[in-house]
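Take a look at the structure below.
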Protein chains: 2
Amino acid sequence: MSVGTAKKRYVRAPHLGPERRRPQILDAALKLVADNGVRALNMEAVAQALGVTKPVVYACFTSREDLLNALLEREEIRLFEGVMAALPKKVDITNPQQLMTDGFRALFNAVDNNRDSWRLVFSVEADPAVAARLQEGRRLVSQRVSLLVGAWLKLLGAKDAKRRLPILVTLFMSICEGMVRSLLDKSNDWSIDELSAYVGRLVLAAFEEA
Amino acid sequence: MSVGTAKKRYVRAPHLGPERRRPQILDAALKLVADNGVRALNMEAVAQALGVTKPVVYACFTSREDLLNALLEREEIRLFEGVMAALPKKVDITNPQQLMTDGFRALFNAVDNNRDSWRLVFSVEADPAVAARLQEGRRLVSQRVSLLVGAWLKLLGAKDAKRRLPILVTLFMSICEGMVRSLLDKSNDWSIDELSAYVGRLVLAAFEEA
DNA sequence: GGCTGTTCCTACGCTCATGTAGGATATTTA
DNA sequence: TAAATATCCTACATGAGCGTAGGAACAGCC
């Protein structure tokens with residue numbers, strides 16, 4: 001074939017510059033991790049997803065670890081917002097049932113509206129590069145839950161509250177995490193409203209025995 | 001220094017042969033994973049732990065994946081035994097409290113007596129080489145739990161049992177997993193007897209609302 | 001002691017992913 | 001339009017881990 005009519009083998013990517021590429025890269029990285037797990041997140045794959053080459057990615061993030069951290073930094077805002085909004089400011093004794101149901105509904109909706117971000121959290125556990133950050137996030141949420149459960153125990157007038165508290169926090173966190181996980185991979189036939197009402201009722205029953 | 005008095009730089013490992021090395025290798029691998037996570041499991045590390053070189057390991061297991069599978073195959077016997085023994089044969093309506101407490105106690109003891117094996121389970125989740133095997137294990141346990149919870153729902157005469165079942169199973173499994181996890185990394189001031197009694201009471205309360 | 005077969009070790013090749021140097025191309029500026 | 005600058009691409013260096021070929025040391029047997 002003649003040189004004149006030969007098609008270019010690739011399309012050279014537009015000159016956007018690091019500033020405008022950063023968010024694109026984070027988007028691509030999020031999708032990669034959410035779809036195929038953290039192990040699928042490598043610089044080559046990210047570059048390809050954008051129709052670009054590695055050095056372009058490295059111009060935005062100095063390393064894979066840097067990229068992953070930046071991704072988490074961006075997502076954790078959304079994530080925390082969802083979780084913290086689900087937790088009530090104060091424990092309202094007049095209607096604990098409502099409190100639970102509303103909380104779970106808020107959580108489940110937050111998850112359902114940001115599935116990829118939430119998948120990220122669970123995928124990323126496998127990666128040591130961000131283990132510390134993740135653990136810190138969990139600690140923060142636990143702390144908040146601890147406050148609320150502590151208040152609840154006080155209202156109940158439970159004996160031995162100080163000792164029971166960590167167990168109850170663990171229990172509550174496990175339940176939340178389990179339900180969120182199942183929300184992310186199974187798509188069962190429960191609406192979020194139904195599910196939060198049911199789970200809320202069950203969990204409340206347990207906590208009334210606390 | 002003279003050649004005659006030069007110390008050997010290494011001790012050549014005894015000639016045991018693959019047959020007798022296999023269990024040693026599995027032990028070393030288990031310890032590695034339990035202590036430092038799956039990522040720490042590489043053939044070189046395993047070899048070093050035994051004072052041996054890689055080809056010796058490869059004489060016993062054809063690949064890293066093979067080794068990991070063999071390890072899980074060996075451990076899962078112990079693991080299943082613990083879990084299945086914790087689950088009652090039949091749902092005894094006369095004393096459900098006892099049923100729960102005994103179950104949790106059996107589970108927690110099984111975990112506490114095989115901490116490394118259980119750590120393995122949670123570490124290994126990060127590795128795609130055995131993801132399928134792990135998932136299958138979970139499925140088997142779920143199935144068994146499902147049977148029991150199904151029977152329980154029948155005894156309760158719960159409405160909509162079929163639809164509620166999977167939610168309850170997820171809930172129950174999440175709680176178990178969460179408690180086991182916390183048993184493995186925190187060493188709190190609860191005895192296993194106390195803990196199982198308390199958790200049993202809470203979970204029962206929830207399930208009476210099922 | 002010498003022979004045979006087993007077991008172990010040294011040394012290397014391969015692949016995949018990270019990260020970088022330097023040239024090519026586009027865009028902006030003068 | 002031509003130089004200066006920003007951005008991108010090709011090509012390579014490096015390192016970790018997997019897996020293997022072939023020679024060295026040992027054990028048991030005659």
Side-chain angles (χ1 to χ4, degrees), chain A residues 3-4 6-26 28-29 32-33 36-71 123-124 126-130, chain B residues 3-4 6-26 28-29 32-33 36-71 123-124 126-130:
Chain A
V3 175
K7 293 264 169 81
K8 272 194 198 170
R9 213 174 270 88
Y10 65 95
V11 186
R12 196 186 164 98
H15 283 42
L16 299 183
E19 222 52 33
R20 273 173 296 178
R21 285 235 180 265
R22 282 180 143 260
Q24 293 185 354
I25 291 178
L26 292 180
L32 272 174
V33 176
N36 309 344
V38 240
R39 306 187 68 115
L41 182 75
N42 52 335
M43 302 307 247
E44 178 64 41
V46 172
Q48 270 190 14
L50 288 176
V52 144
T53 57
K54 279 188 297 170
V56 174
V57 180
Y58 278 102
C60 300
F61 301 97
T62 64
S63 68
R64 189 195 113 110
E65 183 166 345
D66 184 30
L67 166 55
L68 202 47
N69 266 295
L71 180 56
S123 296
V124 119
D127 202 303
V130 288
Chain B
V3 175
K7 292 265 170 81
K8 272 194 197 169
R9 215 173 272 86
Y10 65 94
V11 186
R12 196 185 162 98
H15 283 39
L16 298 184
E19 221 52 32
R20 273 174 295 178
R21 285 235 180 266
R22 281 180 144 258
Q24 293 185 355
I25 291 176
L26 293 180
L32 272 174
V33 176
N36 310 345
V38 241
R39 306 187 69 114
L41 182 75
N42 53 322
M43 301 309 244
E44 179 65 41
V46 172
Q48 270 191 15
L50 288 176
V52 144
T53 57
K54 277 191 297 171
V56 174
V57 180
Y58 278 102
C60 300
F61 302 97
T62 65
S63 68
R64 189 195 113 111
E65 183 166 346
D66 184 29
L67 166 55
L68 203 46
N69 266 294
L71 181 56
S123 296
V124 121
D127 202 303
V130 288

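Reminder, nothing fancy here: chain letters follow the sequence lines and each chain counts from 1. Atom set for the values below is all heavy atoms of this structure, side chains included, hydrogens, waters and symmetry mates excluded.
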> In degrees rounded to 10°, what angle is found between the helical axes fit to the five outermost pairs at each end of the helix from dG1(C)-dC30(D) to dA30(C)-dT1(D)?
Replying inline: 20°
Between atom [atom1] of [X] and atom [atom2] of [Y], what is the distance when rounded to the nearest 0.5 Å?
| X | Y | atom1 | atom2 | answer |
| --- | --- | --- | --- | --- |
| Arg22(A) | Phe61(A) | CZ | CZ | 4.0 Å |
| Leu32(B) | Leu71(B) | CG | CG | 10.0 Å |
| Arg21(B) | His15(B) | CZ | NE2 | 9.5 Å |

> When you check every protein heavy atom under 4.0 Å of nucleotides 12-17 of chain C, what one-letter string (B, S, -) results, 5' to 3'?
Replying inline: -----S
> Do Lys54(B) and Val46(B) touch side chain to side chain, with heavy atoms closer than 4.5 Å?
Replying inline: no
> Hey, are the side chains of Gln24(A) and Val52(A) touching, using non-hydrogen atoms and a 4.5 Å cut-off?
Replying inline: no
Within the distance-only criterion (no hydrogens, no angle test), does the side chain of [X] pair as donor or acceptor with the backbone N or O of [Y] below 3.5 angstrom?
| X | Y | answer |
| --- | --- | --- |
| Arg64(A) | Leu41(A) | yes |
| Asp127(A) | Ala129(A) | yes |
| Arg20(B) | Leu16(B) | yes |

Roughly, in whole Å, what's the span from [atom1] in [X] to [atom2] in [N]?
| X | N | atom1 | atom2 | value |
| --- | --- | --- | --- | --- |
| Leu16(B) | dC9(C) | CG | P | 10 Å |
| Phe61(B) | dC18(D) | CZ | C1' | 16 Å |
| Asp66(A) | dT18(C) | CG | P | 13 Å |
| Glu44(B) | dT10(C) | CD | P | 11 Å |
| Gln48(A) | dT10(D) | CD | P | 12 Å |
| Glu19(A) | dT5(D) | CD | P | 20 Å |
| Leu50(B) | dC9(C) | CG | C1' | 15 Å |

Picking from [options], which would you name as closest to the side chain of [X]?
| X | options | answer |
| --- | --- | --- |
| Pro18(A) | dT7(D), dC9(C), dC9(D) | dT7(D) |
| Arg12(A) | dT10(D), dT20(D), dC8(D) | dC8(D) |
| Tyr58(B) | dC8(C), dC9(D), dG19(D) | dG19(D) |
| His15(A) | dT18(C), dA26(C), dG19(D) | dA26(C) |

> After noting the C-alpha distance and the side-chain angles of Leu67(A) and Leu26(A), does the key distance pass the side-chain contact (heavy atoms from CB on, under 4.5 Å) rule?
Replying inline: CA-CA 8 Å; Leu67(A) 166 55; Leu26(A) 292 180; 3.6 Å; yes
> At under 4.0 Å between heavy atoms, what does Arg21(A) touch on the DNA or RNA strands: base, sugar-phosphate, or nothing?
Replying inline: sugar-phosphate
